[in-house]
Amino acid sequence: MLLKLYSKNNRPEDLQSIVDILNDGGIIIYPTDTVYALGCHALKERPIERICKLKNIDPRKNNLSIICYDLSNISEYARVSNATFKLMKRNLPGPFTFILNADSRLPKIFRNRKEVGIRVPDNAIIREICRLLDAPILTTTLPLEEGEDIEYITEPELIDEKFGEKVDLIIDGGTGGIEPSTVINCCDDVPEIVRQGKGILNE
């Protein structure tokens, strides 16, 4: 199912239907401030396993990331120092993924890695869904096979053609980007940029 949404003035019943899908353990595809992504309720183990299977990734070896509405309840899901919190506050919302030490509130599928990526994207659609859900959303980029047209991860109609049977809902938020987020590892005292992406870090 393909659902068109906008940065504001969406119908409350459309937003609630997405929240219901996530609460029921469903998987959605949605726009961010970088690329289109796969996501589910981050505190529910079964849909996370579905996403890992869909992307053919091992959660014990791959970092998993979550989207939060803002940083107000970040300490529920990750351990963050004052210096790191200030760095995040300066750069979020924005196209960044901050790698932090995971907290025990996350499902055990995260605790196998002991780390979690935190995103607060500058995208009103997914942040509003996150706010209404009142929980973080697991997020991972759409897989693109070798030799496949980039439009299959940027154009909602083609995303629907490729993934429509595999997920519960696709949100059409317009054409997506192709540049990933900038990843900063903050697990140690000194933040380290491990992947330079769209975001330019304000240190």
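As a basis for the values below, the full set of heavy atoms in this structure was taken, side chains included, without hydrogen atoms, waters or symmetry mates.
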For Ile153, which residues count as a side-chain contact (heavy atoms from CB on, under 4.5 Å) partner, sequence neighbours excluded?
->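 Only Leu142, Leu144, Ile150 meet the side-chain contact (heavy atoms from CB on, under 4.5 Å) criterion with Ile153.
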Step through the shown structure and confirm whether more than 12 heavy atoms of other residues, nucleotides or ligands are within 6.0 Å of [atom1] on [X].
X: Lys89; atom1: NZ; value: no
X: Leu158; atom1: CG; value: yes
X: Lys4; atom1: NZ; value: yes
X: Glu13; atom1: CD; value: yes
X: Arg46; atom1: CZ; value: no

- Task: Could you give me the CA-CA distance, side-chain angles and deciding distance for Tyr152 and Glu145, then say whether side chain to side chain donor-acceptor pair (under 3.5 Å) is met?
- Result: CA-CA 10 Å; Tyr152 279 101; Glu145 289 159 30; over 6 Å; no
Following the transitive rule for hydrophobic clusters with a side-chain heavy-atom cut-off under 4.5 Å over Ile, Leu, Val, Met, Phe, Trp and Tyr, establish whether [X] and [Y] coincide in one cluster.
X: Leu169; Y: Ile29; result: no
X: Ile159; Y: Ile27; result: yes
X: Ile137; Y: Ile51; result: no
X: Leu138; Y: Val120; result: yes
X: Leu22; Y: Phe163; result: no

Ignoring hydrogens, what is the shortest heavy-atom contact between [X] and [Y]? Give both atom names and the distance.
X: Asp103; Y: Ala78; value: CB-N, 3.7 Å
X: Pro47; Y: Gly26; value: CB-O, 4.3 Å
X: Asn101; Y: Cys187; value: ND2-O, 3.4 Å
X: Arg105; Y: Tyr77; value: NH1-OH, 3.3 Å
X: Pro121; Y: Pro93; value: O-CB, 3.7 Å
X: Thr97; Y: Gly117; value: CG2-CA, 3.9 Å

Could you list the donor-acceptor pairs under 3.5 angstrom formed between side-chain atoms of residues 194-203 and any protein atom two or more places apart in sequence or on another chain?
unit_1	atom_1	unit_2	atom_2	d
Arg195	NE	Ser181	O	3.1
Arg195	NH2	Ser181	O	2.9
Arg195	NH2	Ser181	OG	3.3
Gln196	NE2	Thr182	OG1	3.3
Gln196	NE2	Gly199	O	2.8
Lys198	NZ	Asp33	O	2.6

Working note: Cys40 + Ile28, criterion side-chain contact (heavy atoms from CB on, under 4.5 Å); need CA distance, chi angles, decisive distance, verdict.
CA-CA 6 Å; Cys40 67; Ile28 65 171; over 6 Å; no
Is any side-chain heavy atom of [X] less than 4.5 Å from a side-chain heavy atom of [Y]?
X: Asp122; Y: Pro95; value: no
X: Phe98; Y: Leu87; value: yes
X: Leu133; Y: His41; value: yes
X: Met88; Y: Ile118; value: yes
X: Val116; Y: Ile99; value: no
X: Asp172; Y: Pro31; value: no
X: Ile129; Y: Ile171; value: yes
X: Leu43; Y: Pro107; value: yes

Could you tell me whether a side-chain N or O of [X] sits under 3.5 Å from a main-chain N or O of [Y], the two making a donor and an acceptor?
X: Asn10; Y: Tyr6; answer: yes
X: Asn56; Y: Cys52; answer: no
X: Asp188; Y: Val190; answer: no
X: Asn123; Y: Ile125; answer: yes
X: Arg79; Y: Ala102; answer: yes
X: Tyr36; Y: Gly173; answer: yes

Measure the spacing between [atom1] of [X] and [atom2] of [Y] and express it to the nearest 0.5 Å.
X: Thr140; Y: Lys55; atom1: OG1; atom2: NZ; answer: 3.0 Å
X: Ser81; Y: Asp189; atom1: OG; atom2: CG; answer: 7.5 Å
X: Ile170; Y: Asp160; atom1: CD1; atom2: CG; answer: 4.0 Å
X: Lys53; Y: Ile48; atom1: NZ; atom2: CD1; answer: 16.0 Å
X: Lys86; Y: Asn91; atom1: NZ; atom2: CG; answer: 14.5 Å
X: Asp24; Y: Asp168; atom1: CG; atom2: CG; answer: 9.0 Å

- Item | Residue list, salt bridge (Lys or Arg N to Asp or Glu O under 4.0 Å) with Lys162, at least two apart or on another chain |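 Checked Lys162 against salt bridge (Lys or Arg N to Asp or Glu O under 4.0 Å); matches are Glu148.
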| task | Check salt bridge (Lys or Arg N to Asp or Glu O under 4.0 Å) between Asp58 and all other residues, then give those that pass, not counting sequence neighbours. | result |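 Salt bridge (Lys or Arg N to Asp or Glu O under 4.0 Å) check on Asp58 returns Arg60.
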Task: Donor-acceptor side-chain pairing of Thr139 and Tyr30 below 3.5 angstrom - done: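 Looking only at side-chain atoms, Tyr30 and Thr139 do form a donor-acceptor pair, the distance falling under 3.5 Å.
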Arg127 to Tyr69 six-membered ring, cation-pi geometry met (6.0 Å, 45°):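 Judged by the rule, Arg127 and Tyr69 form a cation-pi pair.
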- [ ] Mind checking side chain to side chain donor-acceptor pair (under 3.5 Å) for Asp20 and listing every partner two or more places apart, or none if nothing turns up?
- [x]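 Asp20 satisfies side chain to side chain donor-acceptor pair (under 3.5 Å) with Gln16 once adjacent residues are dropped.
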- [ ] Please list, chain by chain and in numerical order, all residues satisfying side chain to side chain donor-acceptor pair (under 3.5 Å) with Glu45, sequence neighbours excluded.
- [x]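 With sequence neighbours excluded, Glu45 shows a side chain to side chain donor-acceptor pair (under 3.5 Å) to no residue whatsoever.
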Q) Between Glu179 and Thr34, does a side chain to side chain donor-acceptor pair (under 3.5 Å) hold up when you go through it step by step? A) CA-CA 6 Å; Glu179 199 173 2; Thr34 53; over 6 Å; no
Item to complete: Evaluate the side-chain contact (heavy atoms from CB on, under 4.5 Å) criterion for residues Leu54 and Val167: first the C-alpha distance (whole Å), next the side-chain angles of each, then the deciding distance (0.1 Å), finally the verdict.
Response: CA-CA 9 Å; Leu54 185 58; Val167 301; 4.3 Å; yes
Do the charged groups of Glu128 and Arg131 touch, with an N to O distance under 4.0 Å?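 Salt bridge: yes.
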